[in-house]
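A quick write-up on the structure given underneath.
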Amino acid sequence: MKVGIEDICFYTASYYLDLQVLAEVHQIDVEKFYAGIGQEQMSMAAPDEDIVTMAAAAALPVVEGQDKSAIRTLLFASESGIDQSKSAGVYVHRLLELDPACRVVELKQACYSATSAIQMACALVVRQPQQKVLVIASDIARYDLDSSGEPTQGCGAVAMLISADPKIMEVEPVSGLYTEDVMDFWRPNYRGTALVDGKYSTKVYLKSLKHAWLDYQQQGGHAFSEFNYFCYHQPFTRMAQKAHSHLLKQVGASLSTAEAEAQIADTLSYNRSIGNSYTASIYIGLTSLLENAEHDLSGQRVGFFSYGSGCVAELFSGVVQPGYQAHLHKDYHQTLLARRQSVDYATYRRLYDYPNPVDGGEHAIAAETTGPFRLAAISQHKRIYEKTAS
Ligand code: HMG
């Protein structure tokens, strides 16, 4: 039985900051961002957008036309939690009008948790092949102003339907794993922005890749030569390029620069303009590969390296299925990216500094999003979500 991704769709917020604006404010050469870290823009959430509205917008095209009673599990992966207790997935469950006979839970391990959700989903489907699992990853990456991480912010959500009818990609069973208790990036409950030891985090990322690959081989995984493409977690797109060079060295692959670049180039396009969307980023990378590759990818094997600071890493593979093109949401994604509004520095600061009320009062939020759902108010400590007219 094949199990894997039946459908995949992403969403990002209504605004973006071009990193040229940040470079001018900080008086540095913009090429440090465009070339040095491989980022051009970063999505910024409007005050009435959050991980719930983005998640529901990503999942809407996936659940439309589905028999909702078959979706018996919703796994919500995020490190941008809006509540210490209630799963953000429960709000999404209502906005999508899913069947009440559904289990919903939120998963957290930095940028890794969506991969864990996919593996759990595959296991559930193997147990009961008639059921489908909706996996949604949604995050808003926020770092302190003027910190090294500031140009690597961004936000986005990706929804994947996992089933025994994987029209997009079969997920193969072997995984390589690596966990180590390290403090490279973390966000204590009392902080709205992450703390990070930037250079150290890149070293731990590469070390984890090495160990996950070794474990993958020990578990009987495919040889490097059996892979056609690689899709990495992308905190910034240069990180994926560095990771791929690292892997090539480790396996002793003798590829030309152009051949090596071709194995990852199409995974980077969307994230260059969205920025870091934490746990969603690697699967927005998969969407980018599927939608931007010039060749038919049917039957091609893609290697995935998922990394979440702290840290947990997993390396696994998937095989793209014949006919996948007919099931992509390319127009939805390209319209979404094209209609985002560019902001100047003052607007970036308004969005960045938008207050997060904690007094239990009535806080209506003006309508700004161009998406299908919005956070309309925070009232008596409750988040009030509604559909928009779009
Ligand atoms: P930095 O230290 O300010 O940058 O920030 P830098 O000085 O290292 O420069 C970056 C690159 O730009 C260098 O290239 C420079 O040479 C180049 P490299 O040596 O790396 O090849 N450069 C230029 N290139 C062209 N023209 C120029 C120019 N100037 C410089 N004029 C840092 C880098 C990664 C530290 C920062 O972006 C950061 O702190 N980011 C946040 C942490 C992060 O993203 N870490 C990645 C690994 S951890 C991870 O992926 C998990 C994460 O997603 C969280 C989670 O799991 O939840 C973060």
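If you're wondering where the values come from, they're calculated on a predicted model, not measured in any experiment.
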Hey, are the side chains of [X] and [Y] touching, using non-hydrogen atoms and a 4.5 Å cut-off?
X      : Y      : value
Met54  : Ile140 : yes
Ile284 : Ile274 : yes
Asn189 : Gln84  : yes
Trp213 : Phe224 : yes
Gln300 : Tyr229 : yes
Gln41  : Ser43  : no
Met160 : Ile168 : no
Tyr345 : Leu22  : yes

Which atoms form the tightest heavy-atom contact between [X] and [Y], and what is the distance?
X      : Y      : result
Ile282 : Cys231 : O-SG, 3.2 Å
Val125 : Ala164 : CG1-N, 3.5 Å
His222 : Ser317 : CD2-OG, 3.9 Å
Val320 : Leu297 : CB-O, 3.3 Å
Glu49  : Met44  : OE1-O, 4.2 Å
Ile264 : Ala240 : CD1-O, 4.0 Å

With no hydrogens and no angle check, do the side chains of [X] and [Y] hold a donor and an acceptor under 3.5 Å apart?
X      : Y      : answer
Glu259 : Gln263 : no
Gln334 : Glu291 : no
Glu40  : Ser273 : no
Ser69  : Asp67  : yes
Arg339 : Thr370 : yes
Ser78  : Asp139 : yes
Glu180 : His211 : no
Ser298 : Asp296 : yes
Arg72  : Gln128 : no
Tyr354 : Asp48  : no
Asn276 : Gln39  : no
Thr193 : Asp144 : yes
Ser288 : Asn292 : yes
Glu150 : Tyr352 : no
Gln109 : Ser116 : no

State the [atom1]-[atom2] distance between [X] and [Y], to the nearest 0.5 angstrom.
X      : Y      : atom1 : atom2 : answer
Gln66  : Ile71  : CD    : CD1   : 5.5 Å
Gln119 : Ile162 : CD    : CD1   : 9.0 Å
Tyr232 : Thr237 : OH    : OG1   : 13.5 Å
Leu209 : Leu315 : CG    : CG    : 6.5 Å
Ser201 : Met239 : OG    : CE    : 7.5 Å

Single-linkage hydrophobic cluster [X]~[Y], side-chain heavy atoms < 4.5 angstrom:
X      : Y      : value
Met42  : Ile28  : yes
Leu289 : Ile118 : yes
Tyr270 : Ile5   : yes
Leu145 : Val30  : yes

Please check if the side chain of [X] supplies one atom and the backbone of [Y] the other of a donor-acceptor pair under 3.5 Å.
X      : Y      : answer
Arg272 : Tyr34  : yes
Gln153 : Tyr143 : yes
Ser208 : Val204 : yes
Thr279 : Cys111 : yes
Asp344 : Thr347 : yes
Glu24  : Val21  : no
Ser277 : Ala157 : no
Glu64  : Ala59  : no
Ser281 : Gln234 : yes
Asp184 : Asp197 : no

Checking salt bridge (Lys or Arg N to Asp or Glu O under 4.0 Å) for the pair Asp50/Arg383: CA distance, chi angles, key distance, verdict? CA-CA 11 Å; Asp50 69 2; Arg383 298 174 86 83; 2.8 Å; yes

Classify the angle between the aromatic ring planes of [X] and [Y] as parallel (below 30°), tilted (30 to 60°) or perpendicular (above 60°).
X      : Y      : answer
Tyr332 : Tyr11  : tilted
His333 : His329 : perpendicular
Tyr283 : Phe316 : tilted
Tyr205 : Tyr307 : tilted

Kindly indicate, with the supporting measurements, whether the criterion side chain to side chain contact (heavy atoms under 4.5 Å, CB included) is fulfilled by Leu96 and Leu134. CA-CA 11 Å; Leu96 296 176; Leu134 181 60; 4.0 Å; yes

Should the heavy atoms of other residues, nucleotides or ligands under 6.0 Å from NZ of Lys68 be counted, would the total exceed 12?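 Count over threshold, so yes.
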
Should the pair Lys210 and Tyr178 be classed as cation-pi, given the thresholds of under 6.0 Å to the six-membered ring centre and 45° from the axis? no

Gln321 and side-chain hydrogen bond (donor to acceptor under 3.5 Å, both in side chains): which partner among Lys167, His327, Lys2, Glu6? Lys2

Centroid separation Tyr278 to Phe185 less than 6.0 Å: yes

Among Phe76, Tyr385, Phe373, the one residue meeting ring pair (Phe, Tyr, Trp, His ring centres under 6.0 Å) with Tyr91: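 That would be Tyr385.
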
Audit row: Tyr216, Ser175, side chain to side chain contact (heavy atoms under 4.5 Å, CB included) steps and yes/no: CA-CA 5 Å; Tyr216 177 76; Ser175 273; 5.7 Å; no

